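In this text, all values refer to a predicted model and were calculated from it rather than measured experimentally.
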Amino acid sequence: MSATTTTKFASVYGPVVSWRYGMSLGIDPIGPVSTCSFNCAYCQLGEIEVKTKERQLFIPTEQILADLQPFAPWDVDVITLSGSGEPTLALNLGEILSLVNSLTQRPTLVLTNATLLGDAKVRQELSQANMVSVKLDAVTPEQLRRVDKPVAGIDLPDILAGIAEFRASYQGQLGIQTMILTEWDAQGLGEYIQVMQSLAPDEIQLNVPKRPKPLKRELEGRGNHAEPSAISYPVRVLKCVSATYLAEFARKVNDATGIPVRYR
């Protein structure tokens, strides 16, 4: 277990209240050491400990099954794969989704940063989820570097191409989630609208960093956050754009695309 993690790891956690999907039971296929192909400026996990784009087996499917059993009868709205990093890095992603689908009879959701969607095997495994929410915070390479801080070898054109390939065959509900850290200029908004028109997701989800960022890795960051004053570990509260700006951004995107836009 990572020296920076003070809470005992369990691969199933929650339920967590999601503003997008309701009451969510979390499954963490990554483990106690945060592992991701991004190191986002706003990450609720804190600094990512292992930065990689290489898939591997982190948590055996049998352990996830054992951790899931105490939560029966799974009285939640959705079961979400997310947790301690990028879930598509887990080589047993398909096994986990198949297990959850057959065992719980609850809708499954995967939150992904889309960096591995260029891999046909990842797309096939991910297609087992009822819902997929894809992070897309940037429409320029500089914005990607500044906001999401990808590992070497990941670039924006490949991310967009992977999302498009996945969208072309996916039969479930696809959401595009975008974190708005600062106000976008007119050119950036126009490019974003063009990307949304091209990808044609079922829903666009605009978010601001209401959760504080831990100064170091904290396992508790997977779940619901209390007010910063009630958190027992050091955090940095990130400044948010105004509610008025976010609402106007959402309106312009919806007007131009006709795609439902949710925001908070």
Side-chain angles (χ1 to χ4, degrees), residues 15-24 26 38 40-45 77-78 80 82 107 109-114 130-149 156 159-160 163-164 167 170 172-214 221-231 235-264:
V16 175
V17 178
S18 167
W19 70 275
R20 293 164 293 171
Y21 297 103
M23 190 65 69
S24 168
F38 279 173
C40 296
Y42 58 85
C43 184
Q44 68 194 51
L45 301 174
D77 298 307
V78 65
T80 303
S82 178
L109 164 69
V110 178
L111 307 181
T112 177
N113 65 17
N130 300 110
M131 297 175 285
V132 174
S133 181
V134 174
K135 177 203 302 285
L136 185 64
D137 296 329
V139 291
T140 67
E142 169 58 24
Q143 194 178 29
L144 180 72
R145 184 200 63 77
R146 177 171 46 85
V147 176
D148 296 321
K149 303 178 184 178
L156 185 60
I159 290 173
L160 294 175
I163 299 172
R167 179 53 168 160
Y170 181 53
Q173 180 180 342
L174 180 68
I176 299 289
Q177 176 191 183
T178 301
M179 180 68 76
I180 307 295
L181 293 183
T182 60
E183 294 189 5
W184 293 33
D185 60 25
Q187 181 177 344
L189 176 58
E191 291 175 356
Y192 182 81
I193 286 171
Q194 290 178 4
V195 169
M196 293 302 106
Q197 289 171 330
S198 175
L199 295 176
D202 297 296
E203 179 178 86
I204 297 167
Q205 303 155 352
L206 304 179
N207 204 3
V208 296
K210 291 190 174 181
R211 291 180 172 186
K213 179 175 182 175
R222 299 182 307 181
N224 293 317
H225 273 301
E227 289 297 318
S229 60
I231 296 175
V235 297
R236 179 164 67 95
V237 178
L238 301 174
K239 185 178 180 180
C240 297
V241 299
S242 71
T244 300
Y245 174 80
L246 190 64
E248 183 65 7
F249 190 109
R251 184 192 65 77
K252 289 178 179 178
V253 173
N254 176 252
D255 286 350
T257 66
I259 300 169
V261 181
R262 283 201 288 165
Y263 62 93
R264 70 140 205 176

At their closest point, which heavy atom of [X] faces which heavy atom of [Y], and how far apart are they?
X    : Y    : value
A114 : I159 : CB-CG2, 4.1 Å
M23  : P15  : SD-CB, 3.5 Å
V241 : E183 : CG1-N, 3.9 Å
V139 : G188 : CG2-O, 3.8 Å

Out of curiosity, T257 OG1 to L199 CG, how far, rounded to the nearest 0.5 Å?
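Here the rounded value is 11.5 Å.
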CG-CG distance between D137 and D148, expressed to the nearest 0.5 angstrom
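It comes to 4.0 Å.
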What pairs with [X] under salt bridge (Lys or Arg N to Asp or Glu O under 4.0 Å), at least two apart in sequence or on another chain?
X    : value
D185 : none
R167 : D202
R146 : none
E203 : R262

Just wondering, do [Y] and [X] contact through their side chains at under 4.5 Å, heavy atoms?
X    : Y    : result
M196 : V261 : no
Y263 : F249 : no
I176 : I163 : yes
V253 : L189 : yes
Y21  : Q205 : yes
K135 : C40  : yes
P209 : L181 : yes

Quick test of your reading: applying salt bridge (Lys or Arg N to Asp or Glu O under 4.0 Å), list the pairs with at least one residue in residues 186-196, sequence neighbours left out, ordered by first then second residue.
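Counting only pairs at least two positions apart or across chains, no salt bridge (Lys or Arg N to Asp or Glu O under 4.0 Å) contact touches residues 186-196.
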Any donor-acceptor N/O pair, [X] side chain to [Y] backbone, under 3.5 Å:
X    : Y    : result
T178 : L136 : yes
Y42  : K210 : no
N254 : I259 : yes

If we ignore angles and hydrogens, is there a donor and acceptor under 3.5 Å between the side chains of T80 and S24?
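Distance-only check passes for T80 and S24.
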List for me each residue that meets side-chain contact (heavy atoms from CB on, under 4.5 Å) alongside N207, sequence neighbours excluded, and say none if there are none.
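For N207, the residues satisfying side-chain contact (heavy atoms from CB on, under 4.5 Å) (neighbours in sequence not counted) are W19, Q177, M179, R264.
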